[in-house]
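The next block holds one structure in the form of structure tokens; read it before the comments.
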Amino acid sequence: MKLNMDSRFDHQKREPEIYKAWEKSGFFNPDNLVKKGVVKKTAKKFSMVLPPPNVTGILHIGHAIVLTIEDIMVRFARMQGKKTLWLPGADHAAIATQSKVEKILYKEDGKSRHDLGRDKFLKRVEAFASESHRTITEQTKRMGASLDWSREAFTLDDERNLAVRTIFKKMYDDGLIVRGHRVVNWDPKGQTTISDDEVIYKEARAKLYTFRYAKDFPIAISTTRPETKLGDTAVAVNPKDARYAKYVGKTYKVKFVGEDLEIKIIADREVDSKFGTGALGVTPAHSTIDYEMSLRHGLPMKQVIDEYARMMVGPDGIKGEKTINARDKVVEWLKKEKLLTGEEDVEQNISTAERTGGIVEPLPKLQWFIDVEKPFKLPKSNIKGIKNGQTVTLKELMRMVFKNGQIKIIPKRFEKEYFRWIDNLRPWCISRQIWYGHQIPVWYPSTSSGQAPSTDAQNKPYVGVEAPKGAGWEQDPDTLDTWFSSALWTFSTLGWPFDYAQGKPKKGTDLEAYHPTDVLETAYEILFFWVARMVLMTTYALGEIPFHTVYLHGLVRDEQGRKISKSLGNGVDPLEMIDKYGADAVRMSLIIGAAPGSDSKTSENKIRGYRNFTTKVWNASRFVLMNYNDKLKTKPTYTAEDKRNLKKLAEVEAKVTKHIEEYKYHQAGELLYHFFWHEFADKIIEKSKDRLREESGADKAAVQEVLTTILRSSLKMLHPFMPYVTEEVWNKLPGNKKDDLLIVERW
RNA sequence: GGGUGAUUAGCUCAGUGGUAGAGCGCUGCCUUCACACGGCAGAGGUCAUAGGUUCGAUCCCUAUAUCACCCACCA
């Protein structure tokens with residue numbers, strides 16, 4: 001057979017061309033698989049959503065591993081003849097995107113978002129987001145990801161916005177979304193609230209001060225934040241603490257740093273009598289724990305720190321100062337008044353905001369929350385153990401689907417973490433004081449326009465899917481936590497709420513055909529942020545699970561095992577690597593050595609190693625094809641060795657299939673690598689050379705058959721891992737037509 | 001404070017109840033008509049430590065040490 005093949009696979013030229021050929025075939029879209037007769041109409045489906053990448057920047061190695069693992073899943077399912085849907089999209093990533101654009105705006109124009117105003121600023125963010133989105137889409141294609149682009153969605157487009165408004169209204173009516181004045185995590189840097197999960201604790205050294213509010217105050221307390229003590233309204237001691245029992249219930253008036261304080265002595269079980277003096281100054285407005293304690297004891301709340309982390313009270317030098325400066329001033333005062341009795345270095349965790357790095361300041365604020373413990377009626381339920389119309393809480397739903405095994409997590413150990421998270425779950429604060437995102441679908445009677453709202457709603461907010469009719473209404477300026485809209489992702493992308501009625505999907509819709517999805521594959525970091533929230537929203541909205549299996553992968557770290565970050569500049573740029581070594585090599589390097597749930601490392605060396613494997617696949621194929629004589633009509637006579645080799649192949653096929661079915665992609669990849677290179681190329685091909693030199697005959701026919709059989713099967717098995725080079729070789733195989741595509745070949 | 005994971009070749013990591021594997025690196029030979037992004041040969045590991053279960057343990061159990069991560073937030 002004459003061949004027009006160089007000794008290298010030209011990945012730079014061919015990979016984009018092959019991707020175009022796949023797109024042209026339409027096979028990324030399951031409808032076409034049926035239409036073109038590649039899969040049966042009655043075939044099983046396989047559906048999965050791509051974790052939508054943020055529209056904040058370029059594709060990084062974290063995206064690359066997601067795309068690799070998921071594309072392997074998808075290509076495998078498709079080759080098994082399933083109606084396979086892998087649905088792409090992008091995430092508006094509210095805070096992340098807004099703060100990025102604010103930075104650019106400041107750098108380029110020296111302006112803040114307030115200089116532009118809401119509308120102009122949002123236009124600017126949208127321009128940035130759409131540009132960023134275009135880039136990341138192109139980059140996603142370079143990875144070879146076989147996504148159905150015809151179904152692409154965006155967390156902030158019209159369909160998703162309708163889904164968000166619809167579910168907000170529904171939850172509000174069910175009493176699950178409530179507005180309340182509570183102590184929340186305030187990020188002074190980002191000027192917004194954040195959820196408990198967005199708080200990152202960092203270890204830091206701090207000083208623990210022990211002192212009395214005043215000379216005649218009977219109990220000394222300890223704190224690392226003396227400045228907050230201007231907001232104290234109580235001192236708490238343990239009920240069993242005999243030292244302080246006689247003071248409990250009494251109220252003392254003291255003058256503390258020029259402030260009049262009224263301190264009540266209370267007994268609360270949360271207080272550890274062994275810590276410090278065994279007495280705790282209670283600051284209801286500026287500590288979550290203290291806030292909860294104040295609710296138990298009906299204590300008043302006094303806010304002394306504002307949204308800019310500045311003191312709202314105190315004498316000159318304190319009032320208006322940053323908390324950190326005020327702290328020193330308070331300590332000075334304590335020293336001067338001889339009230340300070342102890343000063344000790346301690347290790348302490350400080351709360352920081354995930355996105356901005358700002359130090360979180362607990363503040364009382366009026367915000368929107370999802371109450372996860374409020375009972376409500378679930379009208380329709382496909383959840384095992386929960387009947388139609390049963391009264392449940394969101395927490396119970398979230399727990400149930402894992403407890404009854406309806407959803408499985410791989411690796412299993414993460415189920416424990418999930419349950420622990422649920423146990424600690426408090427109301428989810430969903431309102432954000434930023435502009436980019438889904439604006440909260442709540443309207444209040446207008447205060448500035450001068451027009452009165454309709455009388456029946458005089459004092460009540462209007463909550464609706466659409467804005468209220470008539471003038472005199474103002475929409476809540478806040479937006480929703482970005483995870484609110486991502487939480488709807490498995491069903492908002494499939495046509496909900498349009499294609500859903502009477503508690504079930506309408507016939508013939510995507511929602512009916514593809515929901516629940518089969519697998520949700522993502523990084524373990526996102527388990528609480530996203531996976532748990534999807535379970536919450538889907539079980540609530542549909543009475544259904546969002547997916548059957550959760551597959552979690554680890555972080556990709558640099559060669560030294562460090563987390564990849566921009567500030568370290570240690571990122572391996574997947575695009576540069578694709579350009580240099582090909583997407584197949586990048587994919588193999590990411591999958592091999594990456595066991596489920598455990599972190600892996602990446603390096604250019606490793607990628608280069610798998611590029612060499614790409615070349616090996618290419619050249620071994622070239623050898624087999626060059627030595628194939630399609631005119632040979634002789635019936636092959638297999639030797640014992642031929643039979644052994646074919647048996648070996650069958651064993652590899654069985655093992656690879658088993659590994660993939662068990663989500664052990666790293667093992668399947670390694671086995672294929674080893675078999676192809678060190679069995680097939682090094683041994684089987686080498687030993688075949690003498691036999692191929694024969695002019696003709698049954699033995700030559702046999703060896704040709706063995707080689708092409710193994711090659712054909714290897715290409716199929718390697719295809720999910722290395723789609724490009726395998727596809728390129730495929731249509732050169734004897735018997736294959738020019739436009740035959742490996743992508744839809746049967747496994 | 002609670003939990004989880006890791007400890008295997010020089011480096012980075014897979015893996016398995018029964019002669020130890022990959023990538024990169026190293027040594028020697030080979031530019032042989034698929035591939036030097038290659039081939040062949042080789043060096044290098046008491047699979048953290050100590051007990052236990054077993055005919056047999058790197059793998060299972062217990063303890064210890066070190067590291068990493070997650071959660072709680074003792075103020």
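Convention: sequence-line order gives letters A, B, ...; per-chain numbering from 1.
Using a 4.0 Å cut-off between charged nitrogen and carboxylate oxygen, A/R420 and A/D423 do not count as a salt-bridge pair. Salt bridge status for A/E604 with A/K580: present, with a side-chain N to carboxylate O gap under 4.0 Å. Taking the charged nitrogens against the carboxylate oxygens, A/D197 and A/R533 do have a contact shorter than 4.0 Å, which makes a salt bridge.
Nucleic acid contact class of A/K606 (heavy atoms, under 4.0 Å, all strands): sugar-phosphate only. Contact annotation for A/A595: backbone-only contact, meaning every heavy-atom pair under 4.0 Å involves sugar-phosphate atoms and none involves a base. As judged by a 4.0 angstrom heavy-atom cut-off over every strand, A/Y201 is placed among the base-contacting residues. No engagement by A/G276 is indicated, since no non-hydrogen atom pair under 4.0 Å with the nucleic acid exists. In this structure, A/K689 reaches the bases: a heavy-atom distance under 4.0 Å links it to at least one base atom across the strands shown. Heavy atoms of A/F613 sit nowhere under 4.0 angstrom from any nucleic acid atom. Among the heavy atoms of the strands lying under 4.0 Å from A/R413 are primed sugar atoms or P, OP1, OP2 only; no base atom is included. In this structure, A/K416 reaches the sugar-phosphate backbone alone: every heavy-atom distance under 4.0 Å involves primed, P, OP1 or OP2 atoms, never a base. When heavy atoms are screened at a 4.0 angstrom cut-off, A/T283 is found touching no nucleic acid atom at all. If you check every strand for non-hydrogen atoms under 4.0 Å, A/I289 touches sugar and phosphate atoms only. Within 4.0 Å of A/A279, counting heavy atoms only, lies no atom of the nucleic acid at all.
To the nearest angstrom, C1' of B/G5 lies 17 Å from NZ of A/K412. Nucleotide B/A72 holds its P atom 15 Å from the CD atom of A/E203, rounded to whole Å. Atom CD of A/Q348 is separated from atom P of B/C73 by 13 Å (rounded to the nearest Å). Separating the CZ atom of A/F680 from the C1' atom of B/C35 is a distance of 13 Å, rounded to the nearest angstrom. Taking atom CG of residue A/L555 and atom P of nucleotide B/A6, one finds them 16 Å apart after rounding to whole Å. Here B/C71 presents its C1' atom at 12 Å from CG of A/L527, a figure rounded to the nearest Å.
Taking only side-chain nitrogens and oxygens, A/W677 comes nearer than 4.0 Å to OP1 or OP2 of B/G39. Between B/C37 and A/R8, a contact under 4.0 Å exists linking OP1 or OP2 to a side-chain N or O. At the phosphate of B/C69, neither OP1 nor OP2 sits under 4.0 Å from any side-chain N or O atom of A/Y524. Contact annotation: A/N612 reaches the phosphate of B/G38 (side-chain N/O to OP1 or OP2, under 4.0 Å). A close approach under 4.0 Å does occur between a side-chain nitrogen or oxygen of A/S598 and OP1 or OP2 of B/A14. At the phosphate of B/G21, neither OP1 nor OP2 sits under 4.0 Å from any side-chain N or O atom of A/H674. For B/G39, the OP1/OP2 oxygens have a side-chain nitrogen or oxygen of A/K616 closer than 4.0 Å.
Remark: B/A34 base-pairs with no nucleotide; criterion is Watson-Crick or G-U wobble with both hydrogen-bond distances under 3.5 Å. Base pairing of B/G51: its partner is B/C61, meeting the Watson-Crick or G-U wobble criterion (both donor-acceptor distances under 3.5 Å). Taking a pair to require two hydrogen-bonding distances under 3.5 Å in either a Watson-Crick or a G-U wobble arrangement, B/G1 pairs with B/C71.
Using cut-offs of 30° and 60° for the angle between ring planes, the A/F402 and A/F419 rings count as perpendicular.
Note that A/K689 lies in the cation-pi zone of A/F623, set by a 6.0 Å cut-off to the ring centre and a 45° limit from the axis.
Comparing B/C71, B/C35, B/A22 by their nearest atom to the side chain of A/F528 picks out B/C71. Comparing B/A14, B/G2, B/A75 by their closest approach to the side chain of A/L280 singles out B/A75. For A/E670, the listed nucleotide lying nearest its side chain is B/A22; candidates were B/C35, B/G3, B/A22.
Place A/D599 and A/E686 on RNA chain B by their nearest nucleotides, and A/D599 ends up nearer the 5' end.
To the nearest 0.5 Å, the span separating OG on A/S600 from NZ on A/K606 amounts to 6.0 Å.
One C1' atom belongs to B/U54, the other to B/C61, and the distance between them is 12 Å to the nearest Å.
A side-chain donor-acceptor contact under 3.5 Å links A/R622 to the backbone of A/M5.
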